[in-house]
Amino acid sequence: AQSVSQHNHHVILSEAASLELGCNYSYGGTVNLFWYVQYPGQHLQLLLKYFSGDPLVKGIKGFEAEFIKSKFSFNLRKPSVQWSDTAEYFCAVTLNTGGFKTIFGAGTRLFVKA
Amino acid sequence: DTGVSQDPRHKITKRGQNVTFRCDPISEHNRLYWYRQTLGQGPEFLTYFQNEAQLEKSRLLSDRFSAERPKGSFSTLEIQRTEQGDSAMYLCASSQSTGALTEAFFGQGTRLTVV
């Protein structure tokens with residue numbers, strides 16, 4: 001069955017530290033990849049997406065992610081986090097088979113210490 | 001606010017009662033999705049509409065669950081004979097089909113507590 005795995009459930013960083021959140025998926029076909037963020041008390045918002053082309057995608061607020069097809073990975077990175085990045089981050093995969101089911105990972109809670 | 005809106009935001013119900021949630025998608029979006037999210041988990045897909053047609057349903061959607069989108073605009077999700085295990089956040093999302101997949105925009109969710 002298709003699945004999305006996020007490596008860390010909780011991450012605590014100090015401001016200015018670098019961030020990398022791991023995401024791996026299991027599906028051999030064509031996929032579309034997303035990272036969503038949920039700030040405390042708010043709804044899910046799109047951070048960035050990959051459909052095709054350059055595997056290094058840039059999103060909002062200085063986030064970027066790299067699609068490595070051979071590793072079935074789509075890791076999220078930010079060189080220097082801020083306190084306002086405290087949120088829950090979800091990796092998601094939509095299977096490009098004509099159906100539009102999106103599978104989410106369990107999420108990673110990031111806490112940035114000021 | 002022209003985003004996805006869900007009503008109610010919170011619902012507390014007694015076990016065995018029926019509940020109905022409403023979702024109003026972004027007006028030009030023809031796809032609508034329902035997800036369920038429990039504590040410590042990511043959203044789990046429940047069902048998906050393209051216009052008024054329900055095209056896919058998850059096995060998570062038991063016979064007690066039914067979703068409709070009668071005019072291809074708003075959608076309702078009904079849970080009959082609620083059970084404590086139904087307690088969760090129910091999320092609605094919408095997107096616009098353009099030939100390629102686009103991202104979904106999520107509502108704030110309806111938090112259901114079954115007591």
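Quick note on labels: first sequence line is chain A, next is B, and so on, each numbered from 1.
Residue with the most contacts toward chain A among Gly42(B), Gly109(B), Gly107(B), Ala93(B): Gly42(B) (heavy-atom pairs, distance under 4.5 Å). Heavy-atom pairs under 4.5 Å with chain B peak, among Ala106(A), Ser52(A), Gly107(A), at Ala106(A).
Dense packing is recorded around CG of Asp54(A), with more than 12 heavy atoms of other residues, nucleotides or ligands lying under 6.0 Å away. Annotation: Leu39(B), atom CG; neighbour count of heavy atoms from other residues, nucleotides and ligands within 6.0 Å does not exceed 12. Within a 6.0 Å sphere centred on CD1 of Ile12(B), other residues, nucleotides and ligands contribute 12 heavy atoms or fewer.
Taking Thr108(A) as the reference, Gln6(A) meet the side-chain hydrogen bond (donor to acceptor under 3.5 Å, both in side chains) condition, with sequence neighbours excluded.
Inter-residue side-chain proximity for Phe90(A) and Gln37(B) is flagged as met; some heavy-atom pair is nearer than 4.5 Å. Counting only heavy atoms from C-beta outward, the side chains of Thr102(A) and Tyr35(B) approach each other to under 4.5 Å. Looking at Phe104(A) and Phe45(B), their side chains never come closer than 4.5 Å, going by heavy atoms from C-beta outward.
By the criterion of side-chain heavy atoms lying less than 4.5 angstrom apart, applied directly or through intervening Ile, Leu, Val, Met, Phe, Trp or Tyr residues, Leu112(B) is not grouped with Phe106(B); the two fall into different hydrophobic clusters.
Proximity to chain B (any heavy atom under 4.5 Å) is shown, for Leu44(A), by both the backbone and the side chain. Using a 4.5 Å cut-off between heavy atoms, Gln45(A) does not touch chain B at all.
With hydrogens and angles ignored, the 3.5 Å screen pairs a side-chain donor or acceptor of Tyr36(A) with a backbone N or O of Ala104(B).
Contacts classified as salt bridge (charged side-chain N to carboxylate O under 4.0 Å, His left out) and involving residues 55-72 of chain A (residues at least two apart or in different chains) are given here: Lys58(A)-Glu64(A), Glu64(A)-Arg77(A), Glu66(A)-Arg77(A).
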